[in-house]
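Presented below is the structure to which this report refers.
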Amino acid sequence: MIKNLVVLLMLVLCSKEYCYSQQMKPGTVILLATKSAVNIDRAVDSLLNGSEEDANSVLQYYRIKQDIAKVNSVTDIISRKYPRGEAAAIQATLHLHQQSDMVEVERLFDEFVKKFDNQQVINLYPVMADRAAKSRSLEHFIKYWGKIQDTRTKDMILKLCGPMLIQRDPNRMKILFDKKLSEFNIEKDNLKEYYDLLEIYSDIYMELKDYPKALNEIERVFLFRQEKSDDLLQKYANLLSLNKQYEKSFVIVDSLIRKGKGNEELKNELTISFNQLFPSNDVEHYLQGIQSKLKMQITKDIAKDIIKEKAPDFLITDAKGKSYRLADFKGKYLILDFWATWCGPCKKSFPAMQQAVNKFEKDTDVKFLFIHTWERSKNPIEDAVTYLRENNYTFDLYMDLKDDKTRVNPAISQFGVDGIPAKFVIDPQGFIRYRGAGFDGGDDTLVSELSAIIEYIKRK
């Protein structure tokens, strides 16, 4: 059964870690021990014709094997056979989780309540709170978040969803966090959870423009955490600057930019502190010096990341439905960026990708393909077009839509990708020369790396 939102997302991704953390069903143990494909097929047929527990063991087996197509087809089979069972409840929950309109979400929730037992309804409250937060509906969030019974799940959902609601009503969010933090038993409860909530508390004061209190709370978080993320460092530096502690702010921002973590916000922050500390010096010259050293180091190191693998003959479509294959881009240096509207790191990398697009806009030999994949909504094309338009990204959009029969996104599957954002550079001869995954928040590094890769393979 779905215990919380994290488990739900693991199910969506067919996580091996989730499956192995659960009690292994007897039928699953048998399937895992079976080596012959013929015998596995026979065992699967037998289990699917057995009890609900037997059938669910098949589902657990395919999750472990990360066979998404089989997971989807078996879930459909079990849900039809046991319409009020565990698999049907998970299927209904996943369907609800894909909705963005709160009216539709509540309609599906009412249907769920009528169909499934009380425990399954209780398991759905974290998902309802998440949907409410995504819809920026504070009233609905408080309604469903308040029904979550497990304290740790409740804290987790507040941590995940709280930041989405701060701009909606920071004063009300402050009241909610005041109460939550006052009830937190620091001696008995998880200290990390406390300081995670305290960081959001600082964001609330930031939204209220109470910069001294925001700095006070983020400083407590900063001193507690041994490993300090770039986001935390940037947030701390910003609040130091807003409280006119320019020297401390400058040291932090300068170190981030030198590590290649620079973005427009950080550079603006450095400019403010630099001009206060060194009013007679040229900040642009200073930044250019840092960028020059960064580019030299990336260019020096790039050779070790270059590969040469035959690219698959992938099939994608543009936003109007026209199909394209690899051969249609023959003679081009291709930069593929697999992304999705729900993927935070994908979207976080887009300012840097826009810089890269701008840098190569006059180079007709270079082509960027932004490929939307792993869709979770009924209208992925509309979602992707709207997102790019509203954020002023001038990207060439392509779609890697799920196959109606297999329920698999074919292009990204051909590249063997298991996480997004995923980036590939393909040369004019159709060879993959570089592959990258994720985004660590360094706009300067990403732009410099892509530039260095293109320049390197052009020379070769």
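Applying the side-chain hydrogen bond (donor to acceptor under 3.5 Å, both in side chains) rule to Q354 yields the partners N358, T394; only residues at least two apart in sequence or on another chain are considered. Evaluation of the side-chain hydrogen bond (donor to acceptor under 3.5 Å, both in side chains) rule for Y61 yields no partner, not counting sequence neighbours. Shown here are the side-chain hydrogen bond (donor to acceptor under 3.5 Å, both in side chains) partners of K367, two or more places apart in sequence or in another chain: D396. Scored by the side-chain contact (heavy atoms from CB on, under 4.5 Å) test, P428 finds Y333 as partners (sequence neighbours excluded). In this view, E207 and I166, Q167, P170 satisfy the side-chain contact (heavy atoms from CB on, under 4.5 Å) rule, not counting sequence neighbours.
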Set out, in order, the CA-CA distance, both residues' side-chain angles and the distance that settles side-chain contact (heavy atoms from CB on, under 4.5 Å) for K154 and L158, then state yes or no. CA-CA 6 Å; K154 198 169 185 177; L158 184 59; over 6 Å; no
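When only modelled atom types and interatomic distance are considered, T341 and D383 share no side-chain donor-acceptor pair under 3.5 Å. Under the 3.5 Å distance criterion, with hydrogens and angles disregarded, a donor-acceptor pair is assigned to the side chains of Q119 and N123.
For an aromatic pair to be called close, the ring centres must be under 6.0 Å apart, and F278 with F250 satisfies this. In this structure, F415 has its ring center under 6.0 Å from that of F424. Side-chain rings of F350 and F395 approach one another, their centers coming within less than 6.0 Å.
Ring-plane geometry between F109 and Y144 is classed as perpendicular, the angle between the planes exceeding 60 degrees on a 0 to 90 degree scale with a lower cut at 30. Using cut-offs of 30° and 60° for the angle between ring planes, the F368 and F360 rings count as tilted.
Counting only residues at least two apart or on different chains, the salt bridge (Lys or Arg N to Asp or Glu O under 4.0 Å) pairs with a member in residues 167-178 are E139-R172, K174-D178.
Note that CD of E106 is 15.0 Å distant from CZ of F112, once rounded to the nearest 0.5 Å.
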